[in-house]
Protein chains: 2
Amino acid sequence: MADEITRTPIYQQVAARLAQEIANGTYEPGSLLPSETQLMERYSVSRPTARAAIAELRQLGLVESQHGKGTFVRRATEPTVTLDQSITRTGKTFHAYDRQFQETEAPHGTRIHTKGTTSTLLQEPDGVPAFAIDRILTDPTTGLRALHRAVIPFDTAQEIPDLQAHPEAGPTTIYAQLSTAGHTLHWTDDIRARIPTPDDRATLHAPTSSCLLVVHRITHGADRPLMLETLTIDADQAHLTYPHTAARAQPRRA
Amino acid sequence: MADEITRTPIYQQVAARLAQEIANGTYEPGSLLPSETQLMERYSVSRPTARAAIAELRQLGLVESQHGKGTFVRRATEPTVTLDQSITRTGKTFHAYDRQFQETEAPHGTRIHTKGTTSTLLQEPDGVPAFAIDRILTDPTTGLRALHRAVIPFDTAQEIPDLQAHPEAGPTTIYAQLSTAGHTLHWTDDIRARIPTPDDRATLHAPTSSCLLVVHRITHGADRPLMLETLTIDADQAHLTYPHTAARAQPRRA
DNA sequence: TATCATTTGTTCGTATGTATC
DNA sequence: CGATACATACGAACAAATGAT
């Protein structure tokens, strides 16, 4: 690289140049990037440097390497699955995003004590006993997998016999139970994003995923949070939509 | 590493072990991880292997390296800034998240032709002429920076003299203008997450950021999309909240 | 089926640059 | 200035996956 003065590392210069060539179409989506050996010759760098440049592109999500085959330019991949996050009701029946998913495995319930973010979102101290029900949801048309966890404090479950007997019911079923028990429900969705752990990638079957969207949905009664749902999806494959309107401004609760 | 049989790479074994020791508190948040030289001795590996292990932890967001000082265990960092994404109005005045931000620089307007995701979200073909107004917003209490881009098709601007004269007005101002022009407004937020480019990191002043949250907000009139806003923030520092209630289920527009 | 060339993955060794204290 | 630490860069070797011969 003809750059002796600036302090930009060589591998970043190579990466930047390759990124530009991908952007302008020199290397087309789906095509093979030059092999490490070829990059060594072309840019007069060592193999570790060529590898570092490719690693940079991988981290940016521009390319994908396959052992024994080569490094491919990733196709610009817009998230395809749209998750409408609005909740609707018709009479006593609630509808939410879980309607578009199938359960591939039986839900797995455990008893936990809340802590950390869970406690914060439920506005409870740490150590409150609760049911935790984990599910793997699958979108049948695309194969997208999502992780769903529902956390139901014992306090909430105790009010409602049906809920206590079957905490592993689906969220919309629980909404209906809470509603018929006299609660006026509203929700707060809390949306974050984070890097997947290797475990996340395995359970979501998304080995190349780069970011996860995490939606915490808190179901509120009139005075306090009643349950917490957490939905985790691959941000490369799915995105969220929220239809909404302007509400009349009102004095906020403390 | 006493592992001659399994095919797990050594650097991943070291990384997994360090990750566990970080999780169980052997290495406390904020403390210094053993240096590369120490890791070489402790695990009987070479420097590149020790470095690869640390790189793995960096990618998982568990540690942060500082040139000349060492590698530190990152404090478990919950996003601190909460962006309430609801829109409220009092009379003719609209309020949105932009109320909690300051503009550090003057907005930068250009004329563009829509393409790609922008066209899709505006439900227009590619090549439609539009104003694009870019802003850098700053939360004064925390220093969080956010990127904001408003895309206003000429079709929308032409209806409204004030808007055409000053397309660089803030979103809530534009909502008011559209509303007084007779439009009944509603919004659809489209939420995605992606890895930051080096440019993103620079403009957001978030060199260690791992994921970005991207919110596309489409302002709809009665029949068609009127404008598109895009808000980009560091997911490590901020999260979004959407308060909502169950709407009556209604037949959907095609 | 077996072999071989190609390609990426892993691991070692070593040297130099540069930031920090 | 020197010691320590991470960053960059080169060279070399072998392993493992892939596809073609």
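Lettering follows sequence order; numbering is per chain, from 1.
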- [ ] Inspect the contact between B/E36 and B/R51 and indicate whether a charged nitrogen and a carboxylate oxygen are less than 4.0 angstrom apart.
- [x] yes
TODO: Please figure out whether A/I54 or A/P48 has its closest DNA chain C nucleotide nearer the 5' end.
DONE: A/I54
Task: Length of the line joining A/E36:CD and D/dA13:C1', which is rounded to integer Å - done: 14 Å
- [ ] May I ask you to decide if B/P140's main-chain N or O and B/T138's side chain share a donor-acceptor pair within less than 3.5 Å?
- [x] no
Open item on the list: What is the separation between atom CD on A/E56 and atom P on D/dA7, rounded to the nearest whole Å?
Closed with: 13 Å
Open item on the list: On a heavy-atom basis, which atom in A/I191 and which in B/H239 lie closest, and how many Å separate them?
Closed with: O-CB, 3.3 Å
Open item on the list: Tell me the interatomic distance from B/F72, atom CZ, to C/dT20, atom P, rounded to whole angstroms.
Closed with: 11 Å
TODO: Output yes when at least one side-chain N/O atom of B/R51 is less than 4.0 Å from OP1 or OP2 of D/dA7, else no.
DONE: yes
TODO: Tell me which nucleotide among C/dG9, D/dA7, C/dT11 gets nearest to the side chain of B/S65.
DONE: D/dA7
Open item on the list: Please classify the nucleic acid contact of A/T71 as base, sugar-phosphate, or nothing, using heavy-atom distances under 4.0 Å.
Closed with: sugar-phosphate
Task: DNA chain D: 5'-proximal contact among B/P34 and A/R47 (nearest heavy atom) - done: B/P34
Task: Under 4.0 angstrom between B/Y11 side-chain N/O and C/dT11 OP1 or OP2 - done: no
Open item on the list: Rounded to whole Å, how long is the line connecting atom CD of B/E41 with atom C1' of C/dG13?
Closed with: 16 Å
- [ ] Mind calculating the distance between CG (A/L32) and C1' (D/dA17) to the nearest angstrom?
- [x] 14 Å
Task: Separation of atom CE in B/M40 from atom P in C/dG13, rounded to whole Å - done: 7 Å
Task: Neighbour count >12 (heavy atoms, 6.0 Å) for atom NE2, B/H108 - done: no
Open item on the list: Need one value for A/S35: base, sugar-phosphate or nothing, where a base atom within 4.0 Å counts as base even if backbone is also close, heavy atoms only.
Closed with: sugar-phosphate
Task: Mate of C/dA2 where both pairing distances stay under 3.5 Å, Watson-Crick or G-U - done: D/dT21
Task: Gap between atoms CD and P, on B/Q13 and C/dG9 respectively (whole Å) - done: 18 Å
Open item on the list: Please report the distance, rounded to the nearest Å, between CD1 in B/I10 and P in C/dT10.
Closed with: 11 Å
Open item on the list: Assess, by modelled atom type and distance only, whether the side chains of A/D199 and A/T197 contain a donor and an acceptor separated by less than 3.5 Å.
Closed with: no
Open item on the list: So B/P9, base contact, sugar-phosphate only, or nothing? Heavy-atom distance under 4.0 Å.
Closed with: sugar-phosphate
- [ ] Using only heavy-atom distances, decide whether a donor-acceptor pair under 3.5 angstrom links the side-chain of A/H67 to the base of D/dA16.
- [x] yes
Task: Side-chain N,O (B/K69) to OP1/OP2 (C/dC21) below 4.0 Å - done: yes
